[in-house]
**Q** 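Here's a structure for you.
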Number of protein chains: 2
Amino acid sequence: MSKNTRMTKQRKAILEVLKDTDVHPTADWIYEKVKEEIPNISLGTVYRNLNVLSEMGEIMILDYGSTYSRFDGVPNNHYHFQCTECEGVFDLDIPHKDSLNDKIENNTEFEVKDHRLEFYGICPNCQEQDSN
Amino acid sequence: MSKNTRMTKQRKAILEVLKDTDVHPTADWIYEKVKEEIPNISLGTVYRNLNVLSEMGEIMILDYGSTYSRFDGVPNNHYHFQCTECEGVFDLDIPHKDSLNDKIENNTEFEVKDHRLEFYGICPNCQEQDSN
DNA sequence: CTATTTGCAAACGCTTTGCCTGATT
DNA sequence: AATCAGGCAAAGCGTTTGCAAATAG
């Protein structure tokens, strides 16, 4: 229960670097930054702490779960649902809202070309399994 | 100009497997499937052709551009904009629409827990660079 | 004290690439 | 015939992990 709760200087430094920036950095960027303060910190420690901090709810990891790419034979824009249990990806039958791009473009300085909307949860199949 | 356009039996088989399924498979899944038809095909060929086919516009790759994870010191749900030129990730100041989850849940059999919306395009900084 | 954490380096897993042979146009 | 594509295996690259030493509580 009281696991992973030591606030080491490494963990603290990593958290501070992340809280002090809004660039959504990569692990390596964080590593370089923290090295200014703790020169002999190792990249492994950075990764370990990022995972711990995310479990603690202090930070968010912006990866997409699975490490491997998926391929789609339908090269149109459409939205997806991804099951967090079986990792399956399903097409959603709701229309692609191109107007969303315009909405952002009109309210920011960004030039918006595309967007991507993905839902996460449990697919019907895994719901059944769970109730066993 | 006329590069990468030969329709070899490997390329054809890979494309057919992808067009015939809706499971959004991984490269390895495709590899296993194509092996039933071309037993000595290599995984490298599958990857090469998936990239070629995606350049041809025949398929879509559902990765997320950059291969590495990004970390966010603000663990709230919020939407992001990603610049396809500098790879920078920016927060968007539009509210997170939890109602979207319900909308999907009410119209499908999925149990929806979360969603993610990401916009892609060119950030102001890179727009300037481009006009030089 | 002692369980957690670190640094280091090796291992991992998915993907890409170099090289040479084989196939396509 | 000339060029593109394939097979194989090694390399790449971000990330994870095993281990002994260090350290927080």
Side-chain angles (χ1 to χ4, degrees), chain A residues 1-18 23-56 58-72 82 87 89, chain B residues 1-18 23-56 58-72 82 87 89:
Chain A
M1 190 101 290
S2 59
K3 290 177 79 173
N4 290 335
T5 45
R6 287 189 189 171
M7 193 47 71
T8 60
K9 69 171 190 289
Q10 289 87 343
R11 187 166 297 169
K12 196 172 175 184
I14 290 165
L15 183 56
E16 269 168 18
V17 163
L18 245 181
V23 302
H24 303 77
T26 61
D28 208 65
W29 189 95
I30 297 167
Y31 171 58
E32 293 299 334
K33 204 83 177 177
V34 174
K35 255 203 302 199
E36 293 170 10
E37 196 180 333
I38 309 173
N40 66 322
I41 194 172
S42 80
L43 186 54
T45 297
V46 172
Y47 274 106
R48 256 186 303 234
N49 276 308
L50 288 169
N51 286 325
V52 169
L53 288 168
S54 119
E55 278 166 30
M56 292 166 66
E58 293 285 343
I59 68 170
M60 265 186 117
I61 303 182
L62 301 180
D63 66 0
Y64 284 84
S66 158
T67 56
Y68 23 139
S69 295
R70 300 268 180 167
F71 300 88
D72 193 334
Q82 175 147 18
E87 301 272 286
V89 176
Chain B
M1 190 101 289
S2 57
K3 291 178 77 174
N4 291 334
T5 45
R6 288 187 187 170
M7 192 47 71
T8 60
K9 70 170 189 289
Q10 287 89 344
R11 188 166 296 170
K12 195 171 177 186
I14 290 165
L15 183 56
E16 270 170 16
V17 163
L18 245 183
V23 302
H24 303 77
T26 62
D28 207 66
W29 189 97
I30 297 167
Y31 171 57
E32 292 299 333
K33 205 82 177 177
V34 175
K35 256 205 302 199
E36 293 171 10
E37 195 181 332
I38 309 173
N40 66 323
I41 195 173
S42 80
L43 186 54
T45 298
V46 172
Y47 274 105
R48 255 187 300 237
N49 276 307
L50 288 170
N51 286 324
V52 169
L53 288 168
S54 117
E55 278 167 28
M56 293 166 67
E58 293 284 343
I59 67 169
M60 267 186 115
I61 302 182
L62 300 180
D63 66 1
Y64 284 85
S66 156
T67 55
Y68 22 141
S69 295
R70 300 270 182 164
F71 300 88
D72 193 334
Q82 175 147 16
E87 302 271 287
V89 176

**Q** Under the side-chain contact (heavy atoms from CB on, under 4.5 Å) test against V34(A), which residue among N49(A), V17(A), L15(A) passes?
**A** V17(A)
**Q** Nearest whole angstrom, please: distance from the P of dT25(C) to the NZ of K12(B).
**A** 10 Å
**Q** Does R70(A) reach the main-chain N or O of H24(B) with its side chain, forming a donor-acceptor pair under 3.5 Å?
**A** yes
**Q** Please report the distance, rounded to the nearest Å, between CG in L53(B) and P in dA5(D).
**A** 11 Å
**Q** Indicate whether OP1 or OP2 belonging to dG7(D) is found under 4.0 Å from a side-chain N or O atom of T45(B).
**A** yes
**Q** Nearest-Å distance, OH (Y31(B)) to P (dG6(D))?
**A** 14 Å
**Q** Using whole Å, what does the distance between atom P of nucleotide dA21(D) and atom CD1 of I41(A) come to?
**A** 21 Å
**Q** Whole angstroms only, please: what is the CD1-P distance between I61(B) and dT16(C)?
**A** 7 Å
**Q** Check the phosphate of dT16(D) against R48(A), side-chain N and O only, distance under 4.0 Å to OP1 or OP2. Yes or no?
**A** no
**Q** Does atom CD of E37(A) have more than 12 heavy-atom neighbours, drawn from other residues, nucleotides or ligands, at distances under 6.0 Å?
**A** no
**Q** Measure across Y31(A) and S42(A) and return the closest heavy-atom pair with its distance rounded to 0.1 Å.
**A** CE1-C, 3.7 Å
**Q** Expressed as a whole number of angstroms, how long is the span from L50(B):CG to dA5(D):P?
**A** 14 Å
**Q** Is there a side-chain polar atom (N or O) of N49(B) under 4.0 Å from OP1 or OP2 of dG6(D)?
**A** yes
**Q** For a quick test of reading the model: is some side-chain N or O of N51(B) closer than 4.0 Å to OP1 or OP2 of dT16(C)?
**A** yes
**Q** Please check the phosphate of dA23(C) (OP1 and OP2 only) for any side-chain N or O of R6(B) closer than 4.0 Å.
**A** no
**Q** Nearest to the side chain of Y47(A) - dT15(D), dG7(C), dC19(C)?
**A** dT15(D)
**Q** Nearest heavy atom decides the nucleotide; on that basis, is G44(B) or G44(A) closer to the 5' end of DNA chain D?
**A** G44(B)
**Q** Which is more 5' along DNA chain C, the nucleotide nearest K9(B) or the one nearest A27(B)? Just name the residue.
**A** A27(B)
**Q** Looking across every strand, which nucleic acid part, if any, lies under 4.0 Å from D28(A) by heavy atom: base, sugar-phosphate, or nothing?
**A** nothing
**Q** Do the side-chain N or O atoms of N40(A) get closer than 4.0 angstrom to the phosphate oxygens (OP1, OP2) of dT6(C)?
**A** no
**Q** Quick one: is dG7(C) close enough that its OP1 or OP2 comes under 4.0 Å of any side-chain N or O from Q10(A)?
**A** yes
**Q** Could you tell me the separation between the CG atom of L62(B) and the P atom of dC14(C), rounded to a whole number of Å?
**A** 17 Å
**Q** Could you give the distance from CG (L50(B)) to CD (E55(B)), rounded to the nearest 0.5 Å?
**A** 11.5 Å
**Q** It should be established whether T8(B) places a side-chain nitrogen or oxygen under 4.0 Å from OP1 or OP2 of nucleotide dC4(D).
**A** no
**Q** Please name the pair of heavy atoms, one in F71(B) and one in S69(B), separated by the smallest distance, quoted to 0.1 Å.
**A** CE1-O, 3.8 Å
**Q** Quick check for you: among dG6(D), dT15(D), dC4(D), whose closest atom lies nearest to any side-chain atom of L43(A)?
**A** dT15(D)
**Q** Measure the distance from CG on L15(B) to P on dA5(D) and round it to the nearest whole Å.
**A** 14 Å
